[in-house]
2 protein chains.
Amino acid sequence: MDMAEQAVPGPELETVHLLRAVTVELALHSARFAHRNGMHPTDVRALIALMDASRGGEDIPVGRLGALLGLNSAGTTALIDRLERLGHVRRVRDERDRRRVLVEVDPRAVELGQEFFGPLTGRTVDLLKGYDERELAAVRGFLTGVREAVTDSAGQRP
Amino acid sequence: MDMAEQAVPGPELETVHLLRAVTVELALHSARFAHRNGMHPTDVRALIALMDASRGGEDIPVGRLGALLGLNSAGTTALIDRLERLGHVRRVRDERDRRRVLVEVDPRAVELGQEFFGPLTGRTVDLLKGYDERELAAVRGFLTGVREAVTDSAGQRP
DNA sequence: CCCCACTCTCTCGCTTAGCGAGATACTTGT
DNA sequence: ACAAGTATCTCGCTAAGCGAGAGAGTGGGG
């Protein structure tokens, strides 16, 4: 054993660090997109959340969007004001429950996002296409496991 | 083909979405840690960057920390003021080049971070320990590939 | 049928993270 | 020793997000 050497982590721990590095890079990438389009990171997160929901065919009222992003009602109003001013979303009264205001993403915003994130997504999909079934399952199992670990350790202390 | 059905993505695209979901969860987890300790997301990112550097035996001056986080000098000063006020870091004049001020992490901050992130890291390492060599290589190759794809598409448009 | 408690959103006033500009301290090449 | 360059900090400002509370709208019980 060489005590002068820094402790070298095993491949597993190194992989965890790698995952963290990737999340940092992705966050920076989002921030660049935001900056380039006169937005803030929160605005991008909001658009992503809205697109995810709309992909699932779900209508998103103002309050739900705020909850997804961890904002209070005042902050949520301000956020949607910004996005509306940029033409990325529209407010639509819910006719079922007229207290609620639904947030709709403008198709041009979707297009804008795909223009920016498309290449990255494409390259990643190509990378995965080179994997056989077991390797792909390993990657998915890893990501699923991490997600569960995060949500679990979140519920740990209320 | 059923046109009424939403387009079902292949397993590759679904995996990309899964990765995004994981990064979102990790960001929220970080935010919880920040909030619980009277900090902001940026402060946590700063601590992580400092710990990563110190693990590599690298001294971090104020300006470099700011650059890593994308802050300008004023913002960096304010950030370190906050962290110093909480006792998480110390400013130390670099005796080699007395213009520079190095930022040192307090051991108690490291401990605090490990207390919070340790369980998550541990569970992830355990998960990976169950993988054989090829599966582990697949996960690492995936993460490395994504990281490269991000940095590449970053350099695309200056 | 009409209240009254409840829910959803928005307004107001405030705190503070981060920016731009410029001042200050220190270093290095000539 | 000085000029040019680099690192950090100070000052004044913009605006993201919070707390509190004010409308709108809903729906169940008398």
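Labels below follow one simple rule: chain letters A, B, ... track the order of the sequence lines, proteins then strands, and each chain is numbered from 1.
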| Partner residues of B:Glu111 under the side-chain hydrogen bond (donor to acceptor under 3.5 Å, both in side chains) criterion, sequence neighbours left out | none
| Test side-chain hydrogen bond (donor to acceptor under 3.5 Å, both in side chains) applied to B:Gln114 - qualifying residues, sequence neighbours left out | none
| note | Contact check, residues 58-73 of chain B vs DNA chain D, heavy-atom distance under 4.0 Å, returns B:Pro61, B:Val62, B:Gly63, B:Ser73
| remark: In short, the helix from C:dC1-D:dG30 to C:dT30-D:dA1 is bent end to end, axes from five pairs each side, to 10°, by 10°
| message | Main chain of B:Met39, side chain of B:Asn37: is a donor-acceptor contact present, judged purely on distance under 3.5 Å? | response | no
| field | Closest contact, heavy atoms only, B:Gly145 versus A:Leu127 | value | CA-CD2, 3.8 Å
| With sequence neighbours left out, what residues match B:Glu12 under salt bridge (Lys or Arg N to Asp or Glu O under 4.0 Å)? | none
| query | Out of A:Asp59, A:Ile80, A:Val92, which one pairs with A:Val103 under the side chain to side chain contact (heavy atoms under 4.5 Å, CB included) rule? | reply | A:Ile80
| message | The criterion is side-chain hydrogen bond (donor to acceptor under 3.5 Å, both in side chains); which residues satisfy it with B:Glu84, sequence neighbours excluded? | response | B:Arg91
Side-chain donor/acceptor pairs under 3.5 Å, residues 22-33 of chain B, sequence neighbours excluded:
unit_1	atom_1	unit_2	atom_2	d
B:Thr23	OG1	B:Arg20	O	2.7
B:His29	NE2	A:Ser153	OG	3.2

| message | Please evaluate residues A:Arg134 and B:Asp132 with respect to the criterion side-chain contact (heavy atoms from CB on, under 4.5 Å), reporting the C-alpha separation (whole Å), side-chain torsions for both, the decisive distance (0.1 Å), and the verdict. | response | CA-CA 11 Å; A:Arg134 229 182 77 216; B:Asp132 67 29; 2.5 Å; yes
| request: Report yes or no: does A:Arg93 contribute a side-chain atom to a donor-acceptor pair with the main-chain N or O of A:Arg98 at less than 3.5 Å? | output: yes
| task | Check each residue of residues 78-99 of chain A for a non-hydrogen atom within less than 4.0 Å of any atom in DNA chain C, then write out the ones that pass by number, or none. | result | A:Arg91, A:Arg99
| task | With heavy atoms under 4.0 Å as the rule, sort B:Thr76 into base, sugar-phosphate or nothing. | result | nothing
| request: Walk along DNA chain D from 5' to 3' and tell me the first and last nucleotide with an atom closer than 4.0 Å to a non-hydrogen atom of chain B. | output: D:dG5 to D:dC11
| query | Any side-chain donor paired with an acceptor under 3.5 Å for A:His17 and B:Arg55? | reply | yes
| query | What heavy-atom pair brings B:Val62 and B:Thr76 nearest, and what distance separates the two atoms? | reply | O-CG2, 3.4 Å
| task | Identify, with sequence neighbours excluded, every residue that meets side-chain hydrogen bond (donor to acceptor under 3.5 Å, both in side chains) alongside B:Arg147. | result | none
For nucleotides 1-3 of chain C, tabulate all protein N/O to nucleotide N/O atom pairs closer than 3.5 Å, reporting atom names and distance.
none

| task | Determine yes or no for a side-chain-to-main-chain donor-acceptor pair under 3.5 angstrom, with A:Tyr131 supplying the side chain and B:Phe142 the backbone. | result | yes
| said: Filter on ring-ring contact (aromatic ring centres under 6.0 Å, His included), then keep only pairs touching residues 55-84 of chain B, sequence neighbours left out; what's left? | reply: none
